[in-house]
Amino acid sequence: MQEKVIEVHDLVKKFGSFVANDHLNFEVYKGEIFGFLGANGAGKTTAMKILCGLSAPTSGKVKVAGFDICRETEKVKRTIGYMSQKFSLYEDLTISENIRFFSGIYGISPAERKAKQETLLRNLELGSAKDSLIGSLPLGWKQKLAFSVAIFHDPKIVFLDEPTGGVDPITRRKFWDLIYEAADRGITVFVTTHYMDEAEYCNRVSIMNNGRIEALDTPENLKKQFGAKNMDEVFLKIARNVE
Amino acid sequence: MKQFTGFLRKEFLHIFRDPRTMIIIFALPVIQLLLFGKVISTDIQNSKIAIRDESRDNTTREITAKLLSSGYFVPADELLPGDDVEEVFRKGKVKMVVTFGSNFEQNLERDGKADVQLLADASDPNTARILTSYASGIINDYVKKEKLQNLQLPHQINTEVRMLYNEGLKSVYMFVPGIMAMILMLISAMMTSISISKEKELGTMEVLLASPLKPIQIVLGKVTPYLLLSFINALTIILIGVFIFGVPIKGSFIFLMAESFLFIMMALSLGILISTIAPNQMAAMFISVLALMLPTILLSGFIFPIENMPAPLRILSHAMPPRWFIVIIKNIMLKGTGILFVWKETLILMLMTFVFIGLSIRTFKIRLE
Amino acid sequence: MISIQNIYKSYGNVPAVSDISLEVKKGELFGLIGPDGAGKTTLMRILMTLLIQDKGLATLNGLDVVKDYKKIRQIVGYMPGRFSLYSDLTVEENLNFFATVFQTTVAENYGLIRDIYVQIEPFKNRLAGKLSGGMKQKLALSCALIHKPEILILDEPTTGVDAVSRKEFWEMLKKLQQKGITILVSTPYMDEATLCNRVALMQKGKVLDVDTPQKLVENYSRKLYAIKSDDMHRLIQDIRSYEKTDSAFAFGQYLHVTGKDDEAEATEFENYLLKKDHSGLEVLDIPPSIEDVFMELLQDNE
């Protein structure tokens with residue numbers, strides 16, 4: 001039996017009379033790349049905020065990395081990493097200043113930071129740019145850096161909210177190489193995306209609609225289940241069925 | 001014309017749907033005025049003073065009684081000749097010490113001269129100045145009326161002081177014009193610049209520019225609602241001033257509103273100018289506060305007298321539109337003068353308006369950069 | 001309908017658009033395909049008369065973008081990249097506002113927007129800021145169409161929008177095209193290229209290639225293989241370390257692989273991977289997609 005790093009039982013989140021998350025049930029295993037898909041307004045962001053400890057569920061039980069999301073929020077936050085397209089690094093700080101800042105937050109010692117920073121920059125081939133401002137880097141580099149910083153403190157789980165918007169197809173795939181590497185090291189990757197081909201890179205995919213999870217399986221099985229050629233069709237069929 | 005009314009309708013919807021804007025436009029003027037008028041009043045009332053009377057004769061007792069019955073002062077401890085004056089001030093309660101020299105009555109009646117010393121706590125210089133001038137006024141008044149007329153002394157020069165146009169030295173007379181300048185500046189200049197830069201920030205300006213709307217239509221559409229609202233505000237402030245604080249309007253009401261209109265136009269054109277420079281709402285707000293509000297408060301003569309400023313600031317104050325506006329309204333409201341006496345100030349405001357409009361037209365872009 | 005000749009535009013020393021020439025025919029649905037920083041937005045803003053090019057000429061329906069900007073603004077509908085409607089106005093108020101700006105009424109041009117507007121009409125009293133992504137986009141398109149433009153310029157209308165809304169949006173564009181409107185649309189999604197009549201593939205301010213999607217794919221000269229195994233991560237590493245591999249990129253559950261000088265055969269890859277103990281192995285000879293074409297062009301340019 002694989003180790004469960006995220007356990008969600010009957011998660012409900014309401015805003016007034018509006019049900020954003022309607023009895024969600026799912027589990028995510030260690031080292032898995034878990035795709036979290038859904039139409040705009042399907043409730044993805046709400047669920048992700050709850051998992052990151054930023055928002056409390058109305059009812060239900062949620063455990064992340066073995067900690068209860070309501071009672072042990074601080075412990076949860078220490079064991080996760082987060083990266084979104086909107087915010088990740090400070091544009092007006094250099095690469096090493098950003099790394100130092102985030103290391104400080106997670107209590108990484110200066111010696112450890114130095115060693116890790118060197119490896120990180122070498123792997124990304126950014127050694128010469130460590131004193132460049134983030135704002136001056138191309139988008140593709142920023143995204144890779146943001147991801148590397150998000151997993152700098154070796155979290156058990158990293159949450160990626162549409163991490164690859166706006167870059168060319170090659171850069172996008174290089175980003176996924178990093179995700180695979182992280183998963184290989186045992187970090188669980190929880191990712192949302194609008195690129196349907198990226199859904200196929202995931203070990204398992206859940207598709208949300210109107211606050212409910214309508215399907216959850218490997219891409220392979222989902223395609224069989226819905227008699228579809230690719231994930232795009234699966235997605236469209238689910239959305240249309242519900243309507 | 002339909003384009004224009006459509007634009008206006010949209011602007012009013014923006015204003016009425018944003019609670020913050022509504023508060024700034026409708027609540028702020030009233031609150032500001034009441035605050036300045038009632039709470040932060042610099043009028044002197046019931047200030048604690050200590051009396052050190054070394055003569056203890058009829059005259060000093062009468063003067064003391066006059067001082068204490070004026071309503072400005074209340075007695076604190078009486079001091080004995082040997083007491084340490086500084087110690088009294090250090091305790092912080094007493095604002096002024098009045099010391100009568102020895103043989104006061106005798107000296108006065110014999111030589112027409114007697115010593116009285118006024119020591120004031122000048123850590124608050126404005127209050128100290130007002131306290132000493134009130135006290136010396138009362139003392140002189142008493143001495144002149146009660147004593148000197150019975151004496152026949154040669155070469156006596158009487159100085160008579162009368163505070164014209166504001167006999168009671170009421171600070172609210174000063175605050176109403178000041179607040180009016182400030183509020184009109186705030187609403188006309190700041191709100192216009194924010195509302196234009198908001199469109200830039202949200203990207204809607206891109207759509208407006210790409211439409212057949214002419215820049216002048218965009219600007220007029222943005223400015224007109226604030227022109228109306230500012231005018232309503234000017235009226236409100238004047239009405240509160242007259243009916244709640246009893247500030248008189250000695251001059252022509254129409255002329256007063258006309259000058260207010262001119263000032264509003266000036267502020268609006270300044271607001272447009274700011275919006276052409278500011279890329280977003282934050283910047284517009286920042287420039288407005290830094291370039292408009294602070295100078296209006298500090299350099300217009302509203303709170304600090306221009307005559308007391310160091311030369312560089314005094315020169316700078318000439319560039320502050322509210323400075324001229326305050327002079328104009330004070331003249332109209334308190335002195336009842338007409339255009340003949342304020343034509344210079346009016347001309348300066350007109351000139352400023354033209355300059356700002358000219359600059360705005362030059363910097364307003366029909367494109368994005 | 002749209003003619004772009006040697007357009008050049010830079011911000012400071014950074015060229016945003018360098019020497020681009022394109023022709024869009026009347027009634028065409030033309031796509032600008034490329035990532036952020038390709039110059040799509042800059043080019044569109046120049047056409048929209050919102051920016052002035054440093055060099056070159058551009059005309060829309062024979063009107064010069066610099067001299068005749070007033071006339072151009074009358075005949076073109078524009079949807080900028082960001083959501084740019086008033087979020088504190090309702091759906092209906094937004095639409096009415098843009099109608100009056102263009103000196104027309106909603107009723108006058110209702111025929112053109114009806115298909116789109118009926119979908120958001122139930123929410124016409126809702127504030128635009130409270131609409132979902134797909135709805136906002138439909139409203140923005142309705143507003144851009146309100147004055148019956150001859151040309152429609154849409155800057156990344158489908159970015160950040162879910163797959164369902166994207167599909168619906170393209171269906172709407174097709175219908176508009178049938179009504180004779182020339183459409184220039186930009187997108188970072190490669191798969192949307194096949195929905196255009198012709199596309200320009202762009203990167204870093206340059207046009208890499210212009211053609212119909214079919215031609216672009218036909219002109220792809222490399223041999224392309226799709227390879228799959230049960231362990232994707234190990235597959236990528238093994239393929240990349242194989243001396244006969246030129247490029248290997250993940251495409252869905254497959255890996256698209258080209259061989260050095262196109263010499264390697266499917267069987268060679270298969271044998272190599274079998275030696276590496278891969279299970280569930282599949283090696284297919286496949287036709288390229290637009291994305292393969294684009295990636296090939298990117299690599300050639302680097």
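All chains are named by letter (A, B, ...) in the order of the sequence lines, taking the proteins before the strands, and each is independently numbered beginning at 1. Keep in mind it's a predicted model, so treat the numbers as computed, not measured. Just the heavy atoms: all of them, side chains too, but no hydrogens, waters or symmetry mates, feed the values below.
C:I72 does not touch chain B: none of its heavy atoms, backbone or side chain, sits under 4.5 Å away. When heavy atoms are compared at a cutoff of 4.5 Å, B:E199 approaches chain C solely by way of its side chain, counted from C-beta outward.
Counting heavy atoms of neighbouring residues, nucleotides and ligands inside a 6.0 Å radius, atom NZ of C:K55 does not exceed 12 of them. Within 6.0 Å of atom CE in B:M282, 12 or fewer heavy atoms from other residues, nucleotides or ligands are found, so the atom counts as exposed in its surroundings. Annotation for B:F286: atom CZ does not count as buried by contact number, only 12 or fewer foreign heavy atoms lying within 6.0 Å. No more than 12 heavy-atom neighbours from other residues, nucleotides or ligands sit within 6.0 angstrom of CZ on B:F261. Other residues, nucleotides and ligands contribute more than 12 heavy atoms inside 6.0 Å of the CE atom of C:M1. The local environment of CZ in B:F354 is sparse, with at most 12 non-hydrogen atoms from other residues, nucleotides or ligands closer than 6.0 Å. For C:K174, the NZ atom sits in a packed shell: over 12 heavy atoms of surrounding residues, nucleotides or ligands are nearer than 6.0 Å.
Minimum heavy-atom separation, B:K200 to C:R82: O-NH2, 3.7 Å. Among all heavy-atom pairs drawn from B:K198 and C:D88, the shortest one is NZ-OD2, 4.4 Å. Residues B:P212 and C:V101 approach most closely at CD-O, 4.3 Å, considering heavy atoms. Contact detail for C:S84 and B:G203: the closest heavy-atom pair is CB-O, 3.4 Å. For the residue pair B:A210 and C:M48, the shortest heavy atom distance occurs at CB-CE, 3.7 Å. Between C:F97 and B:F7, the shortest heavy-atom distance links the atoms CE1-CA, 3.8 Å.
Residues B:K10 and C:T100 have side chains not in contact (no heavy-atom distance under 4.5 Å, counting atoms from C-beta outward).
Atom-to-atom distance recorded for C:E93:CD and B:R9:CZ is 8.0 Å, nearest 0.5 angstrom. Going from atom NE2 of B:H14 over to atom CG of C:L89 covers 5.0 Å, rounded to the nearest 0.5 Å. Annotation: the span from B:T204 atom OG1 to C:F98 atom CZ amounts to 7.0 Å, rounded to 0.5 Å.
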